[in-house]
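Inspection log for the structure reproduced underneath, given as structure tokens.
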Amino acid sequence: MSDERRYDPAAVEARWQRIWEEERTWEVPNPGQPGFDPSKPKSYVLEMLPYPSGEPHVGHLKNYAIGDAVAHFRRRNGLQVIHPMGYDAFGLPAENAAIRTGEHPRVATFASIDEFRRQFKQWGISIDWSRELATCEPEYYRWTQWLFLKLYERGLAYRAEAPVQWCPKDATVLANEQVIDGRCERCGTLVEQRRLEQWFFRITEYADRLLEDFDALESWPEHVITMQRNWIGRSEGAEVIFRCEELDLDFPVFTTRPDTLFGATFFVLAPEHPAVEKLAAGTEHEQAVRDYVNEAGRRSAEERGAEDREKTGVPLGRYVTNPVNGERIPMFVSDYVLMEYGTGAIMAVPAHDERDFDFARAFGLPIRQVVRPRDADPDSFSPDEPFVEHSSDEVLMNSGEFSGLPAPEGKRKIIEWLEERGLGKATVNYRLRDWLISRQRYWGCPIPIVYCDDCGTVPVPEDQLPVELPDIEDYAPKGRSPLAAAEDWVATTCPRCGGAARRETDTMDTFVDSSWYFLRYLDARNDERPWARDAVDHWMPVDLYIGGVEHAILHLMYARFFTKALQDMDLLGVPEPFANLFTQGMITRDGAKMSKSKGNTVSPREYVERYGADTTRTFVCFLGPPERGGDWKDEGVEGVHRFLTRLWRLGQEVAEREAAAVDKGALEGDALELVRKAHWAIDKATRDISQSLHLHTAIAAVMELVNEAYRAKDSLYSSPEGTGAVRFATATAASLIYPFAPHLACEVYEAIEGERLWEVPWPKADPDLLQREEISLVVQVNGKRRGEIQVPADMPEGELLRLAREHEGVRRHIDGKQVVKEIVVPGRLVNLVAR
RNA sequence: GCGGGCGUGGUGGAAUUGGUAGACACGCCGGCUUUAGGUGCCGGUGCUCGUAAGAGCGUGGGGGUUCAAGUCCCUCCGCCCGCACCA
């Protein structure tokens with residue numbers, strides 16, 4: 001084959017990319033703008049925005065290849081698709097590099113952004129670049145600050161002193177969500193507890209709605225919903241007040257088991273509980289308590305929660321009164337009680353709680369059964385393990401007037417009893433904490449707040465936004481924000497009284513930046529408002545959101561919270577940002593996770609340069625079901641490249657041959673079979689892409705079509721009708737592979753049909769050609785396959801059975817036996833049961 | 001410990017939801033093309049026995065339901081991911 005006809009991905013891809021760029025093919029107008037077509041239904045296809053660091057990796061490639069396939073598919077199915085791109089550009093990696101090199105984080109960040117953009121364009125991803133944004137640009141973070149002020153106005157942003165998690169390596173506080181097993185989510189360093197005054201977003205106010213609105217989602221992976229549910233950790237129960245008479249102190253506790261109140265035999269406080277010192281003061285246990293609390297403070301969360309750890313603790317020498325029976329029960333301090341959950345104190349019911357049971361065992365405390373199975377004997381029911389069942393099959397015992405009640409009813413009645421006497425009430429408790437957004441770091445969005453000696457905490461007025469991040473000399477954190485050193489910037493005037501004031505020097509968690517970017521895309525150049533309401537009303541919600549599972553809790557929950565808060569402010573009309581979520585699996589190499597330290601990373605750039613973007617993109621989609629991972633193998637890339645090259649050659653061949661138009665009534669033989677195969681592939685690819693996003697089987701269908709065309713082409717080329725069939729098969733294959741390999745597809749299709757594929761509607765399978773006149777039917781005897789018969793598709797059952805019995809392989813197995821049952825599965829098989 | 005997912009050839013993975021297990025691809029084997037290597041094209045490739053026709057076995061193990069099970073039920077084993085003293 002001559003050189004000019006050889007498949008040259010670099011040339012083909014450059015050609016189409018230039019056309020798309022020059023013609024701004026993927027830009028879509030907003031309602032009211034020129035060219036907007038109100039007749040087309042919209043579709044918002046979005047992939048999680050990248051953090052630009054160095055250059056894109058295979059995870060990015062997979063993410064955007066999947067999203068782009070969907071975007072292309074939907075466009076050609078008549079939808080108006082918005083498919084934007086941006087950069088999550090504030091963050092620690094750039095800042096840490098700045099500390100080492102002294103170069104402004106902006107420089108490295110924008111260098112990375114340029115590289116990401118360059119490669120995305122080289123991949124041929126169909127992005128509306130007119131909506132591009134970077135969260136570190138003042139034009140963007142101005143509105144992040146504006147949204148902060150809106151939350152502040154509503155009381156959803158507040159400043160409070162609280163025990164917080166401090167990462168000593170990154171020298172900043174972290175949100176609860178960013179601490180995993182007591183370690184910093186980013187760098188793995190053990191976190192420390194500190195008491196600091198910090199800014200929080202009141203996400204807990206939305207806990208119930210974050211749970212309820214899962215119903216409003218069309219399709220989210222069940223496990224992501226479960227993870228968020230667990231994270232929010234809603235539990236219903238009661239707050240019960242235990243009183244320490246000696247010191248005149250009330251100790252509320254949270255319990256999900258008010259039905260077991262009569263079984264409380266002791267009481268435990270967390271070591272961090274503020275009353276511990278006071279309680280122990282002056283008792284014989286004072287020193288022991290102090291030692292225990294100090295030791296607990298030194299222990300990491302990881303150690304504390306270690307599995308199978310023996311329960312430890314010390315008595316306080318004080319007593320509280322159980323409100324339901326007036327019993328005085330002893331108080332203890334133990335680190336199995338967590339200050340962060342509930343009230344930091346618990347009533348201990350060893351008979352019905354695993355942990356309390358262990359503690360009672362270790363300290364020789366009484367264990368009293370108060371719940372038993374309905375039919376168990378009250379006098380002899382004493383299991384040697386905690387009995388934790390509490391359905392209506394269980395009843396209360398040893399519980400005064402409540403004895404004999406079914407557990408759920410007992411629960412209700414005891415709460416009522418407490419409420420009547422002001423000793424407790426029904427409550428709901430959550431594991432979710434408010435979102436701590438302050439960060440003592442430089443490369444983030446400044447918090448638009450000023451502190452004035454006279455006026456206190458004053459929000460920066462909207463017309464003074466953005467509060468721009470100043471340039472500084474030294475980025476190194478020193479336990480306070482590096483911004484604190486920028487004296488000229490910190491010193492300001494109070495917007496309220498005009499007096500001297502100081503700026504807030506912390507910056508926001510970068511998750512704030514990414515909690516609303518999907519809204520800014522919709523009106524990215526608006527310099528009067530964060531977005532115009534009609535633009536957002538038209539495009540929202542995101543119809544398909546694609547990204548990694550690692551964001552199942554953090555980003556996705558924060559973005560949901562923002563959306564709900566914005567809806568409440570009437571800035572937005574939808575309760576949920578992402579109607580459908582697709583989480584892609586991670587790509588491994590030779591079975592192992594890719595990591596820089598192992599040196600087994602794949603650089604998409606190398607493959608794009610060697611095989612072309614089309615091959616590389618198609619390969620990542622062909623790896624396997626996209627929700628699962630996939631293993632990168634160089635041989636696999638070559639396989640896909642071979643396939644695309646075959647399609648290319650087929651295109652060259654049919655383009656230069658004379659072909660007759662396909663007339664489905666006149667087709668026969670191989671030509672008919674090939675055209676049928678094409679329609680089969682249309683049907684299969686369409687279903688796979690639109691229903692299950694099983695892109696790998698859609699690609700496999702196109703491969704089958706191309707293989708079939710290759711097998712048949714040499715004989716078909718002998719007539720114009722046959723050539724027409726090959727030509728149709730080739731054009732169809734190009735059309736179907738377009739979402740994955742758009743450049744090659746366009747080139748091949750143009751050569752054959754003279755049209756631009758993105759302007760050609762997605763093909764429709766002809767139902768007549770999906771039906772076959774003759775089918776092969778499996779014949780079984782006793783469920784074992786004994787042969788196959790070719791029969792007309794509409795052959796009646798009796799005839800089928802007759803043919804089946806005549807089949808030689810069948811006869812061999814039924815001779816001398818009696819057929820006792822005959823099963824015909826239309827279009828599939830015949831099974832004869834012989835005895 | 002709790003919750004979720006998964007287990008199919010040498011490998012990645014298919015299987016229209018109870019109806020031909022192994023599509024497609026990699027790898028491997030053979031043939032053709034080529035001066036040769038590579039490329040390309042065609043064919044073969046689950047395992048066992050058999051020259052073959054064919055037969056038996058086969059979807060982590062065991063048991064069950066069914067004319068029929070990768071698919072449904074019970075049970076056991078293994079791997080992965082979340083959560084993990086949350087009262």
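In what follows, every chain begins at residue 1, and chains take the letters A, B, ... in the order their sequences are listed.
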Residue list, ring pair (Phe, Tyr, Trp, His ring centres under 6.0 Å) with A:His694, at least two apart or on another chain |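 Checked A:His694 against ring pair (Phe, Tyr, Trp, His ring centres under 6.0 Å); matches are A:His696.
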Under the ring pair (Phe, Tyr, Trp, His ring centres under 6.0 Å) rule, collect the residues that match up with A:Phe251, sequence neighbours excluded.
->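 Per chain and number, A:Phe251 pairs via ring pair (Phe, Tyr, Trp, His ring centres under 6.0 Å) with A:His273.
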Non-hydrogen atoms of A:Ile203 and A:Asp434 that approach each other most closely =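 Closest pair (atom of A:Ile203, atom of A:Asp434, distance): N-OD1, 3.2 Å.
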Between [M] and [N], how far apart are the [atom1] atoms? Round to whole Å, please.
N: B:A14; M: B:A87; atom1: C1'; result: 49 Å
N: B:U48; M: B:G40; atom1: P; result: 31 Å
N: B:U11; M: B:G50; atom1: C1'; result: 29 Å
N: B:C28; M: B:C79; atom1: P; result: 32 Å
N: B:A69; M: B:G63; atom1: C1'; result: 14 Å
N: B:U75; M: B:C85; atom1: C1'; result: 31 Å
N: B:C57; M: B:G22; atom1: C1'; result: 15 Å
N: B:G13; M: B:C6; atom1: P; result: 13 Å

Scan A:Gly342 against the nucleic acid and name what it touches under 4.0 Å (heavy atoms): base, sugar-phosphate only, or nothing.
->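 Nothing, no heavy atom under 4.0 Å.
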For A:Arg812, which contact category applies under a 4.0 Å heavy-atom criterion: base, sugar-phosphate, or nothing?
-> sugar-phosphate
Take atom [atom1] of [X] and atom [atom2] of [N], then tell me their distance rounded to the nearest Å.
X: A:Lys411; N: B:A87; atom1: NZ; atom2: P; result: 11 Å
X: A:Lys633; N: B:G10; atom1: NZ; atom2: P; result: 14 Å
X: A:Phe643; N: B:G12; atom1: CZ; atom2: P; result: 22 Å

From A:Lys684, A:Arg676, A:Lys677, residue fulfilling salt bridge (charged side-chain N to carboxylate O under 4.0 Å, His left out) relative to A:Glu704 | A:Lys677
Can you label the angle between the [X] ring and the [Y] ring as parallel, tilted or perpendicular, going by 30° and 60°?
X: A:Tyr611; Y: A:Tyr607; value: parallel
X: A:Phe266; Y: A:Phe332; value: perpendicular
X: A:Phe254; Y: A:Tyr341; value: perpendicular

Answer yes when A:Glu653 and A:Lys713 have at least one side-chain N-carboxylate O distance shorter than 4.0 Å, and no when they do not.
-> yes
Going by heavy atoms in the side chains, are A:Met339 and A:Pro274 under 4.5 Å from each other?
->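 In short, these two side chains touch, coming nearer than 4.5 Å.
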Out of [options], whichever nucleotide has its closest atom nearest the side chain of [X]:
X: A:Asp335; options: B:A87, B:C85, B:G3; answer: B:C85
X: A:Met227; options: B:A55, B:G82, B:C85; answer: B:G82
X: A:Arg642; options: B:C67, B:C26, B:C41; answer: B:C26
X: A:Thr226; options: B:A87, B:G3, B:A55; answer: B:G3

Among residues 614-628 of chain A, which contact RNA chain B at a heavy-atom distance under 4.0 Å?
->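 The answer is A:Phe622, A:Leu623, A:Pro625, A:Arg628.
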Between [X] and [N], is there a side-chain N or O to OP1/OP2 distance below 4.0 Å?
X: A:His223; N: B:C83; answer: no
X: A:Lys784; N: B:C57; answer: yes
X: A:Ser235; N: B:A87; answer: yes

What's touching nucleotides 19-22 of chain B from the protein side, N or O pairs under 3.5 Å?
{"residue": "B:U20", "atom": "O2", "partner": "A:Arg785", "partner atom": "NE", "Å": "3.4"}
{"residue": "B:U20", "atom": "O2", "partner": "A:Arg785", "partner atom": "NH2", "Å": "2.9"}

Atom pairs under 3.5 Å: protein N/O with N/O of nucleotides 42-47 of chain B:
none

State whether a side-chain donor-acceptor pair under 3.5 Å links A:His813 with A:Lys784.
->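 Note: A:His813 and A:Lys784 side chains miss the donor-acceptor criterion.
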Pairing string of RNA chain B (Watson-Crick or G-U wobble, both atom distances under 3.5 Å; | = paired to other strand) is (((((((..(((......[....)))((((((.......))))))((((....))))..(((((..]....))))))))))))....
